[in-house]
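To keep things clear, I will list the structure first and then write my remarks on it.
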Amino acid sequence: MTSCAALVTGCILVAHQPCVNLVNRRIQGIRSLRCHWNCVRSHFPGSDRSQLFGCAPFGGHLTVAHAQGYPAMDETTEASPSSKLHTRLRLWEFPDCYIFEPIDGLADLYLSVSRASGTMNLVQDLPSRGSTTKPKAQTVYGVIGVLKLAVGSYFLVITDRDCVGSYFGHTIFKVTGLKVLPCNNAHNTASSEQKKMETEFSELLDAAERTVGLHFSYDVNLTLSAQRLHDLGDEYKSLPLWRQAEPRFLWNSYLLEPLIENKLNQYLLPVIQGSFQNIQAEVGSEKVNVTLIARRCTRRIGTRMWRRGADAEGYAANFVESEQIMQSKGFTASYVQVRGSMPFLWEQIVDLTYKPSFDVVRQEEAPRVLERHFHDLQKKYGAVLAVDLVNTSGGEGRLRERYAKSIEPILSEDIRYVHFDFHRVCGHIHFERLSQLYDQIKDYLQKHKYFLINDKQEKIEQQTGTVRTNCIDCLDRTNVTQSMIGGKILESQLQRIGVLGSVWANHGDAISIQYSGTPALKGDFVRYGKRTTQGILNDLRNALARYYLNNFVDGTKQDAMDLLQGHYITSVSRDMAVPSKAGLLESYASFRLAFALVMGALMFMMMSLRQARNDVRHLLLSLMWAGLCIAITHFVRANGRTFTNRPRFHQSRH
């Protein structure tokens with residue numbers, strides 16, 4: 001364990017304490033979460049509203065707690081019953097209202113929600129029921145939030161959950177069932193244009209109900225890592241969970257706003273999107289508990305092809321914080337590393353080709369955006385080692401050159417950049433050659449160490465830096481590399497029993513499904529330490545599935561994500577901006593239609609060829625049908641972007 005610990009590095013976020021004032025601001029047209037935060041400036045001198053959620057660097061993630069049962073570190077002060085979150089509610093669906101009845105014994109008041117306007121009130125009794133009134137009733141496990149659109153409100157509730165493990169003694173649940181409750185008076189007061197848009201939004205709400213990877217706890221702040229939880233004081237931990245939350249990882253921050261405005265504290269359930277894997281094993285007579293948590297950042301959330309690079313504020317696409325926690329022999333070890341798209345403005349728009357071209361947007365802004373991104377990481381994690389895994393040549397090579405050139409001015413002792421051409425060195429099967437990369441970063445890992453506490457909650461080590469890994473998607477090559485780093489940190493003990501590899505494979509699959517729609521590629525190596533024939537076949541199937549999803553599904557999925565995160569606003573007023581009308585081609589373009597036309601032409605061509613031996617006219621007809629096939633195929637290829645499923649409501653060049 002000593003030799004293993006010497007290799008560990010990690011980083012944790014130190015939050016500025018929340019501020020009492022109500023913050024309500026818009027950034028690039030996005031309504032941010034109104035938060036009551038209680039600033040403790042004596043702990044964080046110089047903090048201001050612009051740095052409300054900024055974090056100073058501090059220790060990594062190898063924490064230690066006591067042996068049997070793995071008790072929590074610095075357990076939070078027991079909350080009063082009035083501040084505890086509701087864990088079970090009975091949902092009554094009356095004709096004119098929804099009633100949420102607490103059945104967990106934490107309160108006597110019911111939450112009444114108008115089905116006409118979405119207004120919320122706490123009431124003492126259920127509405128009277130006549131002989132003909134038979135309201136539906138079902139158990140729900142929390143309210144994720146409220147989505148306000150121009151013609152009504154929509155409540156998102158948790159209808160099913162699975163227990164997936166515990167985080168320092170507190171139960172963690174995964175959302176397995178979501179339901180949207182409409183409070184919509186559109187058909188009575190809305191204009192025809194608004195009704196049309198609301199109909200279009202219904203498709204997005206259906207996609208919202210299928211959101212994957214949502215996790216929550218009623219008792220502990222899942223948005224914070226182990227070291228940060230340890231370093232925060234009891235006063236901070238006694239605050240409601242939503243006020244403790246790290247805004248970057250609070251998936252339902254936008255949806256909680258109406259509940260916050262109505263002071264419904266017992267319904268304010270913080271939710272993260274990501275992954276929570278928990279495995280227990282024994283090594284000899286010692287118990288080992290391994291947990292891997294992924295926290296997806298919501299600042300530039302989206303799907304694989306529709307969210308690339310970074311925005312002008314420096315927020316990167318597919319930015320995920322991964323925390324690996326190991327508990328054994330009275331110690332808890334916690335390590336954090338991050339991944340994220342190359343942090344400058346670039347895009348890769350689907351156009352029906354298997355690998356669309358990469359385009360750098362506003363190249364002159366790349367150094368500024370990248371500098372903003374890395375300085376933000378420094379505030380939160382301390383030193384940063386950027387590991388770039390993209391190819392040296394081709395389109396990826398051009399992005400690598402832009403990355404390396406833009407980061408050069410800010411390189412220092414605390415910001416390092418390492419390029420490692422994963423495909424050239426490792427190919428598709430020799431992933432053991434990642435040891436060459438480890439040799440390059442070993443000194444950094446040893447220098448910045450890890451966070452460690454003993455069974456008395458005493459801090460032994462503190463992590464002062466993190467590793468930021470990227471490839472193009474930040475999925476497959478990235479996950480193999482991050483699992484290698486995690487394996488080096490926990491070293492031979494967990495490798496010997498085969499626990500670590502399995503956890504990282506599941507971890508990578510969860511992140512990949514949320515971003516690309518399929519499990520991660522190269523998962524067989526992460527899981528078993530070698531490439532297998534079945535693994536290669538799985539990669540081929542998943543690669544083809546990604547092509548289909550990216551071109552024909554993800555546009556609608558991206559719109560649903562933007563809707564839930566408040567990245568375009570249809571609430572507050574009815575002065576709703578209607579999307580620009582599509583052209584004639586865009587209105588009727590459909591790959592299914594084009595495919596049907598091509599197949600129809602092929603069928604007629606084959607029928608004509610069969611008769612061509614007896615009739616020259618059929619030969620001419622077959623040539624005509626063949627020409628039509630080629631013309632349609634060429635037209636679809638030339639207008640590939642038009643025939644894809646694109647986002648319709650929030651289109652951004654960065």
Side-chain angles (χ1 to χ4, degrees), residues 296-297 299-312 314-320 339-366 369-370 373 386 388-406 419 421-423 469-479 511-518 520-521 539 542-559 561-562 567 591 636-648 650-654:
R296 178 176 297 280
C297 180
R299 301 302 197 206
R300 188 162 169 74
I301 198 169
T303 55
R304 178 172 174 247
M305 290 297 190
W306 295 110
R307 284 295 177 271
R308 295 290 207 187
D311 61 18
Y315 294 116
N318 198 25
F319 186 88
V320 179
R339 69 177 74 190
S341 191
M342 285 183 279
F344 51 90
L345 280 60
W346 63 278
E347 62 186 14
Q348 186 184 19
I349 306 300
V350 292
D351 57 5
L352 299 184
T353 60
Y354 181 73
K355 194 170 184 179
S357 61
F358 304 105
D359 296 315
V360 178
V361 182
R362 303 203 297 272
Q363 297 188 25
E364 69 281 358
E365 294 188 28
V369 172
L370 187 142
H373 176 79
D388 184 11
L389 303 173
V390 302
N391 298 344
T392 305
S393 58
E396 291 189 14
R398 291 191 295 275
L399 292 180
R400 183 200 68 82
E401 291 173 1
R402 173 58 54 188
Y403 193 178
K405 183 177 180 180
S406 299
H419 175 254
D421 191 331
F422 187 101
H423 284 153
T469 308
N470 76 269
C471 49
I472 290 297
D473 297 331
C474 303
L475 298 176
D476 314 314
R477 288 172 281 183
T478 294
N479 201 61
I511 294 174
S512 180
I513 288 169
Q514 293 160 27
Y515 190 54
S516 71
T518 73
L521 309 185
D539 284 358
N542 289 331
L544 294 175
R546 285 183 183 182
Y547 172 81
Y548 172 78
L549 294 171
N550 296 160
N551 281 277
F552 308 121
V553 175
D554 281 354
T556 300
K557 186 178 177 182
Q558 182 65 55
D559 274 336
M561 290 181 177
D562 287 330
H567 290 176
F591 186 76
V636 172
R637 175 66 185 83
N639 297 275
R641 293 190 178 186
T642 304
F643 282 86
T644 61
N645 178 246
R646 298 164 296 160
R648 299 187 59 246
H650 179 71
Q651 298 179 4
S652 172
R653 289 284 292 175
H654 54 269

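Quick note: numbers below take in every heavy atom, side chains included, and nothing from hydrogens, waters or symmetry partners.
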Between [Y] and [X], is there a side-chain heavy-atom distance shorter than 4.5 Å?
X: Y403; Y: N470; result: yes
X: Q363; Y: L345; result: no
X: I472; Y: M342; result: yes
X: H419; Y: V390; result: yes
X: C471; Y: D476; result: no
X: F344; Y: V361; result: no

With sequence neighbours excluded, what pairs up with Y315 under the ring-ring contact (aromatic ring centres under 6.0 Å, His included) test?
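Y315 satisfies ring-ring contact (aromatic ring centres under 6.0 Å, His included) with no residue once adjacent residues are dropped.
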Holding to ring-ring contact (aromatic ring centres under 6.0 Å, His included), I want the full list of residues that pass it with F319, two or more places apart in sequence or in another chain.
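Once residues adjacent in sequence are excluded, F319 has no partner under the ring-ring contact (aromatic ring centres under 6.0 Å, His included) criterion.
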Quick check for you: to the nearest 0.5 Å, what is the distance between [X] atom [atom1] and [Y] atom [atom2]?
X: L370; Y: K405; atom1: CG; atom2: NZ; result: 13.5 Å
X: R339; Y: T478; atom1: CZ; atom2: OG1; result: 6.0 Å
X: H373; Y: S406; atom1: NE2; atom2: OG; result: 12.5 Å

Closest approach of A310 to V369 (non-hydrogen atoms, all atoms of both residues):
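A310 and V369 have their closest heavy atoms at CB-CG1, 4.0 Å.
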So which heavy atom on S512 is nearest to which on L475, and how close?
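Result for this residue pair: CA-CD2, 3.6 Å.
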Taking side-chain hydrogen bond (donor to acceptor under 3.5 Å, both in side chains) as the test, write out the residues that go with [X], two or more places apart.
X: N542; result: none
X: N318; result: R296
X: T469; result: none

Contacts of [X] that satisfy side-chain contact (heavy atoms from CB on, under 4.5 Å) - sequence neighbours left out:
X: S357; result: D359
X: A317; result: R300, R307, S341, Y515
X: S393; result: none
X: K355; result: Q348, F358, E396

By salt bridge (charged side-chain N to carboxylate O under 4.0 Å, His left out), which residues pair with E365, not counting sequence neighbours?
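Only R362, R368 meet the salt bridge (charged side-chain N to carboxylate O under 4.0 Å, His left out) criterion with E365.
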Test salt bridge (Lys or Arg N to Asp or Glu O under 4.0 Å) on R304 and D473 and set out the steps.
CA-CA 7 Å; R304 178 172 174 247; D473 297 331; 2.9 Å; yes
So, H423 and N391: side-chain donor and acceptor under 3.5 Å apart, yes or no?
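Their side chains do contain a donor-acceptor pair, which is all the 3.5 Å distance test asks for.
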